[in-house]
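Keep in mind the model is a prediction, meaning the values are calculated, not measured. Every number for a ligand or one of its atoms is a count from 1 in the order of the listing.
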Amino acid sequence: MSIARIRLGEVRSIGVAQPRLEARDKVTGHAPYAVDHPVPGAVYAWPVLSTVAAGWVSTVDTQPALALDGVLAVVWHGSAPRLEPIGDPGLLVLQSPRIQYRGQVVAMVVANSLERAREGAEAVVVDEQPVTADTELRADHPALYAPETVNAGFPGMSVVGDLDAGLATAAVRVDATYRTPAMHHVAMEPHAATAFWERGNLVVFDSTQSSTSVRDALAGLFELPPQMVRVVNEHVGGGFGSKGPGRVTAVLAAMASRCVGRPVKLALTRQMLFSLAGYRTPTIQRVRLGADERGRLVAIGHDAVSQTSKVIEFVEQTAVISRTLYAAPHRRTTHRVAPLDVPPPTWMRAPGECPGSFALESAMDELAVAGNWDPVQLRLANDTQVDPELGIPFSSRHLADCLRDGAERFGWAGRDPRPAVRREGRWLVGTGVAASTFPAITWPSTATARATADDHFHVQVNAADIGTGARTVLRQIAADALGVAQYCVEITVGDSAIGPAPVAGGSMGTSSWGWAVTEACRRVRERIDSLHHGRVPAEGVFATADTTEDVAAREEFARHSFGAQFCEVRVDPGTGEVRVSRLLGVFAAGRIVNPTTARSQLIGGMTMGLSMALMERSVMDRRTGDFVTDDLASYHVAVNADVPAIEARWIDEDDPHLNPMGTKGIGELGIVGTAAAVANAVYHATGIRVHDLPITPASLLR
Ligand code: MOS
């Protein structure tokens with residue numbers, strides 16, 4: 001068959017709804033996760049964790065563990081292979097006696113069965129010398145400082161005009177402080193790795209959002225050229241940011257394998273994840289808004305405080321959303337951070353924008369109440385087509401359309417703005433709205449495409465499919481770029497041997513990997529057409545792509561996705577129980593490649609926002625630095641019964657300034673603003689403004 005014959009006229013795969021390619025493998029248990037790969041001769045590792053928040057390991061008595069039949073090794077800082085320091089000191093595990101947080105790895109037992117490894121870990125005696133630990137974030141913490149840059153490379157501070165002068169001229173003002181607690185990702189698959197050494201090469205099956213960065217980290221730590229390290233992450237059972245950076249699991253498994261000369265499997269328990277897998281920092285945010293008598297913002301101030309650990313400087317970009325969302329002549333955003341004796345926080349579910357939007361979008365609701373403006377109209381009045389701080393145009397911005405479309409579908413018109421007046425039976429009913437935005441990021445990636453003489457195409461890109469549908473949408477993109485039907489295309493992801501590609505994070509996956517896939521496929525198609533007259537020769541046709549220059553050559557634009565979140569809640573005034581009864585999100589996020597997986601991403605994000613608003617809170621015992629809510633019985637997340645009628649819609653957005661597919665990214669947009677929409681609806685239902693998440697019965701029964 002010639003390739004011309006399988007170009008079935010106007011075959012288009014982008015935009016077609018379809019289920020995930022690996023769906024059957026997943027639900028039948030055939031999809032191998034990090035420790036599922038059958039590796040002959042594998043043994044098991046179990047970490048031993050510190051029980052104090054700060055101090056030193058003075059001695060480790062390994063004898064009781066080594067005396068157990070089947071225990072092969074006890075690895076601790078006195079016996080561990082030396083690691084070469086790299087950028088992330090959090091990966092330098094078992095290199096020093098210093099304890100910097102509770103739940104840090106201080107030893108590891110390797111044994112020929114999982115049970116024996118665990119028993120061995122309990123038998124090891126670690127003598128810890130504690131020092132006084134400082135574990136509590138406060139707005140007046142003496143260690144707070146203002147870093148020059150915060151996460152994702154944003155400047156720590158931004159100033160336009162004169163905030164105080166602007167506030168002084170405002171007709172209506174809001175000055176409020178909001179708090180969000182520490183939160184954990186709790187992905188279904190724990191952080192886990194299988195590692196073995198093969199003729200000096202290191203192979204790791206890792207549960208990671210980026211096998212490229214894990215490969216680079218392991219190469220650095222073990223002083224190997226990167227091509228001697230291979231990291232495979234074919235299936236990843238969720239990440240939400242916690243598997244973005246390399247984690248100690250891969251390092252420990254590689255170390256253990258080197259020590260015992262056998263393949264090693266290591267899976268953290270759910271409890272261990274609460275100290276070893278990162279979490280979202282708690283935040284304390286002061287927002288000041290000032291508007292003129294018509295509801296036009298004249299001043300926006302957002303001051304954010306967060307914590308980091310003493311292991312790494314990690315500064316959540318909490319206030320950056322206030323640089324983007326609304327126009328105003330006078331504005332200032334600041335970040336301060338306190339290094340504490342706590343586990344290192346990390347990226348989590350729209351880091352920055354998610355907690356930041358709770359504060360900003362709650363404050364906008366307070367401003368609407370103070371000025372007697374409709375919350376939708378207030379947001380429309382402060383919309384802008386030019387980035388308010390950078391002064392450059394947005395590549396596309398349809399926030400206003402999202403707000404208008406959402407308001408119409410939600411039935412916003414005629415809403416009685418008075419709080420606590422609508423009742424249905426015993427329930428007080430209220431509605432709330434909030435805006436959403438997230439940067440539309442594209443990073444350089446590589447990809448390859450190969451055509452074979454039987455008109456089969458094999459496209460490879462080192463994407464990580466963390467449950468999003470990445471491989472499914474990448475095959476759709478590949479099919480369109482090749483001009484063939486999808487069934488002719490096989491896609492392979494999740495293997496560092498394919499070539500460098502960015503993290504499945506920052507909502508940039510589809511845009512970044514998809515651009516490289518498009519380029520590689522176009523080249524193959526061009527060669528087939530120009531060199532071979534539309535026929536694939538016996539030897540096949542192969543092409544690679546690297547989009548580094550394409551990405552760098554883009555015109556300067558502010559690139560963001562936008563959305564509007566609408567929420568209806570019911571509150572039982574007797575018990576303080578809050579039930580979300582309706583959620584509607586309307587989004588403008590460029591071209592949507594696959595409506596099925598896109599909807600799943602968006603309602604997943606909205607559900608996590610609901611969960612954040614009403615349930616999620618990691619509680620630390622301040623005396624011990626221990627996250628005591630360390631399982632899914634004590635760390636509450638929304639379950640099916642908590643999720644109401646939920647709808648995600650999108651506006652068709654044709655943006656030529658993004659990438660060849662016209663995609664913006666949808667992984668994180670859904671969670672941004674949702675918690676504020678819930679809190680604003682709770683205010684409307686009850687007249688009680690909750691500034692501290694989560695909103696529990698205790699927040700409402702005063
Ligand atoms: Mo997402 S928190 O960028 O993995």
Going by the 4.0 angstrom heavy-atom rule, the piece of Gln209 near ligand 1 is side chain
| message | Tell me whether Ser507 has any N or O atom under 3.5 angstrom from an N or O of ligand 1. | response | no
Short N-O contact, Arg102 and Asp626, less than 4.0 angstrom: yes
Measure from the ring center of Phe314 to the ring center of Trp347 and say whether it is less than 6.0 Å.
yes
Please report whether ligand 1 has a polar contact with Ala350, defined as an N or O pair separated by less than 3.5 Å (distance criterion only).
no
Within the 4.0 Å heavy-atom cut-off, what Pro351 brings close to ligand 1 is side chain
Atom 3 (O) of ligand 1 sits nearest the protein heavy atom Gly506 N, 2.5 Å
Thinking salt bridges, do Arg471 and Asp465 make one under a 4.0 Å N-O criterion? yes
Atoms of ligand 1 under 4.0 Å from any heavy atom of Met348, numbered from 1 in the order shown, are 2 (S)
Closest to atom 1 (Mo) of ligand 1 among protein heavy atoms sits Glu668 OE2, 3.0 Å
So for Arg349 against ligand 1, with non-hydrogen atoms under 4.0 Å, the contacting part is backbone
(message) Taking the basic N atoms (NZ, or NE/NH1/NH2) and the acidic carboxylate oxygens, is any pair closer than 4.0 Å for Lys310 and Asp341?
(response) yes
field: Carboxylate-amine/guanidinium contact Lys664 Glu653, below 4.0 Å
entry: yes
Could you check whether His185 and Tyr279 have their ring centres less than 6.0 Å apart? no
Answer yes or no: is there an ion pair linking Glu616 with Arg280, defined by an N-O contact shorter than 4.0 Å?
no
Is there a polar contact, in the sense of an N or O pair closer than 3.5 Å, between Gly241 and ligand 1?
yes
Ligand 1 atoms nearer than 4.0 angstrom to some heavy atom of Phe240 are 2 (S), 4 (O)
